[in-house]
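In what follows, a single structure is set out as structure tokens and then discussed.
Throughout, protein chains are lettered first and strands after them, A, B, ... in sequence-line order, and every chain is numbered starting at 1.
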Amino acid sequence: MLSKLNPPQREAVKYLDGPLLVLAGAGSGKTRVITHKIVHMIEQCGYAPKEIAAITFTNKAAREMQERVGQLLSESPTLKAKPGKGLTIATFHSLGLQMLRQEAQSLGYKPQFSILDSSDSFKILADVLATTDKQLLKRTQWQISKWKNTFVTPDQATALSSKTQADEELTHAAAKIYQLYQQTLKAYQAVDFDDLIKLPVELFEQHPETLDKWQRKLKYLLIDEYQDTNTCQYRLVRLITGVEGRFTAVGDDDQAIYGWRGADVENLRGLTEDFPRLKVIKLEQNYRSTVRILRSANHLIANNPKLFEKKLWSDLGTGEQIQISAARDEVHEAEAVIMKLLAHKFEHRTRFADYAILYRGNHQARLFEEQLRGHKMPYTVSGGQSFFDRAEIKDLIAYLRLIANEDDDPAFIRAATTPKKGIGNTTLERLGEYAASRHVSLFEAAFEGAFQRLLGQKQLDDLLTFCNFINTMQHRAPREPAGDILNSMLSAIKYEAFLYDSEEPRAAETKWKNVMDFVDWLSKKGSSEEKNLLELTQTVALMSMLEGRENGEPDAVKLSTLHAAKGLEFGHVFLIGVEEGILPHRESVDNDKIEEERRLMYVGITRAQRSLHISWCRKRKRAGEMEVCEPSRFIAELPVADIRHFGGTATDPATSKEHGKERMAQIRAMLGKI
DNA sequence: TGGTTAGTCGTTTTT
DNA sequence: CGACTAACCA
């Protein structure tokens with residue numbers, strides 16, 4: 001097995017004498033190192049699968065790694081009998097969830113606590129702050145998250161704020177809100193994403209015996225995308241792997257693109273200080289891209305200060321020049337890119353799946369989706385939570401959350417009111433007031449006689465019908481298959497009829513299809529992992545549907561944000577909207593975040609194996625108004641010899657129209673022949 | 001209580 | 001331009 005690796009890769013796989021940091025440039029085979037190391041440890045070094053945990057950054061990466069390890073294990077001649085069962089391959093968040101679920105009691109939570117996504121916690125904050133000021137709410141949310149990730153308690157936050165002057169009042173207010181927010185979460189028996197990492201850390205620091213238990217359980221950690229680790233996650237790693245540092249961290253400082261989420265590249269440097277015995281291995285051979293693509297990437301990233309010196313090289317041939325096209329506006333850009341893609345596909349006899357269209361912000365996908373649909377081309381959009389953000393899915397999840405955890409008031413409110421079932425604002429307001437005065441959940445309050453006397457007969461009947469329904473589901477959930485319960489729940493609440501009542505037929509149809517997809521996916525997951533509905537509910541909060549749907553469309557053009565594309569590779573990449581204000585994003589330009597934007601561009605470029613097309617618009621519609629755009633400064637940072645402009649450059653707009661037309665006609669003619 | 005309508009508001013990236 | 005909200009009627 002090791003013969004398939006190059007010398008530094010092999011060294012990284014075999015090294016188990018102490019903490020190891022693998023600095024792996026883009027496309028240098030870092031996943032390969034992790035997967036082979038896992039198998040090597042099981043096969044050659046006597047590790048049991050359940051003693052190893054590999055931590056990835058996204059669910060997608062986790063699933064991919066799971067597959068690759070499974071593949072390697074099944075090929076292994078010595079391990080025929082032993083499957084990789086018990087092996088942990090998970091994101092930080094789902095590992096945290098696993099720990100939290102088992103240790104919930106010692107933190108004052110029940111095991112079936114709810115997990116809130118950022119929009120849930122946003123709503124809670126809006127409630128607590130009693131404001132609709134989005135800016136303020138966003139800032140507060142960000143501040144609280146930052147406090148959580150640096151282990152500042154509400155009390156400490158209050159003390160801290162008195163030292164500063166400028167936004168003392170603001171910070172002080174935020175500290176107060178922080179406290180209320182935490183109390184609210186506890187009352188709902190809910191945790192937010194930050195808590196999933198933070199609470200295990202606190203637990204381990206306060207209960208050495210629990211830490212000891214987990215240290216003995218997880219003997220070795222492999223961490224992917226280490227440059228994206230935040231301080232909290234790093235602390236968790238240090239706790240689990242102990243002073244000996246039983247871990248391999250794999251990362252690339254040039255691909256650090258999650259600084260805004262609290263990830264700190266300093267954690268990479270911190271490793272060398274915290275673990276003096278740290279061994280560093282560099283992987284510098286790129287197995288992915290042509291020389292031109294790689295040279296462009298290197299040339300660009302050379303404008304950033306270096307943390308670790310490394311020189312990536314490739315022997316995959318020079319390859320084509322990088323094409324840089326200017327489009328008249330964003331509609332033309334989408335049109336031109338799709339045309340170009342079709343022509344390219346025809347010319348090179350490739351598959352749809354060989355192409356990716358990458359962009360900075362999710363909304364940029366829309367026009368391209370329209371074009372792709374118009375041309376009947378198969379495509380998939382990856383962009384994280386979009387599926388779970390859909391109203392119809394959130395509706396169902398609200399029911400699931402309430403069934404699993406009756407203290408979850410936000411879920412109660414959503415489920416009680418969608419679809420409408422005669423429970424209106426007045427009823428809920430009274431219920432809320434009563435529940436608050438008695439310090440119980442909405443669900444519990446509904447059953448109390450003192451409250452029931454406050455309602456009219458019809459209101460009470462409607463409310464109790466709903467609560468009794470939830471009660472029934474709570475009893476059935478642990479016993480029956482997830483799929484059965486979901487289906488009977490859907491018919492009980494008449495969800496399909498509700499959709500067709502309140503939507504256009506077409507919209508209702510797609511929504512209902514989404515619901516059915518969701519149900520299918522959950523029931524499959526339930527039976528394959530032998531989990532009941534209650535257990536599934538928590539994991540659902542951490543999933544993005546992407547993985548469930550990807551299987552459906554084997555040969556499709558991939559649309560993805562640059563963030564979501566990290567770790568993936570594509571034969572041919574279109575990098576779109578490469579303009580000032582978008583690729584170095586407006587907000588980042590002011591805030592000293594240019595370097596991270598450059599790394600984002602770097603990530604985009606290095607996704608490409610064979611060809612790269614960059615496009616930008618001379619004009620773009622923004623909030624209904626046409627706005628003049630400039631090409632991104634990053635385009636000027638590419639090596640001149642490796643790029644070729646189409647449709648003119650920033651300083652040379654004259655040729656654009658003629659050339660564009662000519663090129664378009666060419667492409668149309670070519671397509672006509674098919 | 002629930003649906004409709006006329007205004008307002010604002011667009012990074014994700015677990 | 002479109003998504004989301006707050007006041008307004010049935």
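- A:F92 has its CZ atom 15 Å from the C1' atom of B:dT14, to the nearest Å.
- At a threshold of 4.0 angstrom between heavy atoms, the contacts of A:I423 are confined to the sugar-phosphate backbone, with no base atom among them.
- Residue A:T91 has its side chain nearest to B:dT15 when only B:dT15, B:dT11, B:dT14 are considered.
- Residue A:F57 is in sugar-phosphate contact alone, with no base atom involved, counting any heavy-atom pair closer than 4.0 Å across all strands shown.
- Atoms CG (A:L583) and C1' (B:dT11) sit 16 Å apart, rounded to a whole Å.
- Of all nucleotides listed (B:dT15, B:dG3, C:dA3), B:dT15 comes nearest to the side chain of A:T58.
- Closest-nucleotide positions on DNA chain B for A:L428 and A:D194 were compared, and the one nearer the 5' end corresponds to A:L428.
- Computed from coordinates, the A:Y359 OH to B:dT11 P distance equals 19 Å when rounded to whole Å.
- Spacing between atom NZ of A:K148 and atom P of B:dT15 amounts to 18 Å, rounded to whole angstrom units.
- Regarding contacts with the backbone of B:dT15, every side-chain N or O of A:N59 stays at 4.0 angstrom or more from both OP1 and OP2.
- Separation of the A:F57 and A:Y258 ring centroids falls under the 6.0 Å cut-off.
- Of the residues A:E579, A:E330, A:E627, the one that meets the side chain to side chain donor-acceptor pair (under 3.5 Å) test with A:R620 is A:E579.
- Residue A:S94 is classed as having no contact, given no heavy-atom separation below 4.0 Å to the nucleic acid.
- Proximity of A:S588 to the phosphate of B:dT13: no side-chain N or O atom is located under 4.0 Å from OP1 or OP2.
- Between B:dT15 and A:N230, no contact under 4.0 Å exists linking OP1 or OP2 to a side-chain N or O.
- Listed by chain and number, the residues in a side chain to side chain contact (heavy atoms under 4.5 Å, CB included) with A:Q102 are A:W214 (sequence neighbours excluded).
- With rounding to whole Å, A:N362 atom CG is found 18 Å from C:dG2 atom P.
- A:W260 qualifies as a stacking partner of the B:dT13 base, centre to centre under 5.5 Å and near-parallel within 30°.
- In this structure, the nucleotide among B:dG2, B:dT11, B:dT14 sitting nearest to the side chain of A:K138 is B:dT11.
- Closest to the side chain of A:H93, out of B:dG2, B:dT15, B:dT11, is B:dT15.
- The separation between A:H563 atom NE2 and B:dT13 atom P is 9 Å, rounded to whole Å.
- Here the nucleotide nearest the side chain of A:H363, chosen from C:dC1, B:dT11, B:dT15, is B:dT11.
- Remark: A:R238 is positioned above the aromatic ring of A:Y234, its terminal NZ or CZ atom under 6.0 angstrom from the ring centre and at most 45 degrees off the axis.
- Protein atom CG of A:L367 is 14 Å distant from nucleotide atom C1' of B:dT11, rounded to whole Å.
- Close placement of the A:F498 and A:Y495 rings is indicated, their centers lying within 6.0 Å of each other.
- Listed candidates were B:dG3, C:dC1, B:dT15. Nearest to the side chain of A:K420 is B:dG3.
- The CG-P distance, from A:L116 to B:dT15, rounds to 17 Å in whole Å.
- Ring to ring, A:F92 and A:F193 are not that close: their centroids are 6.0 angstrom or more apart.
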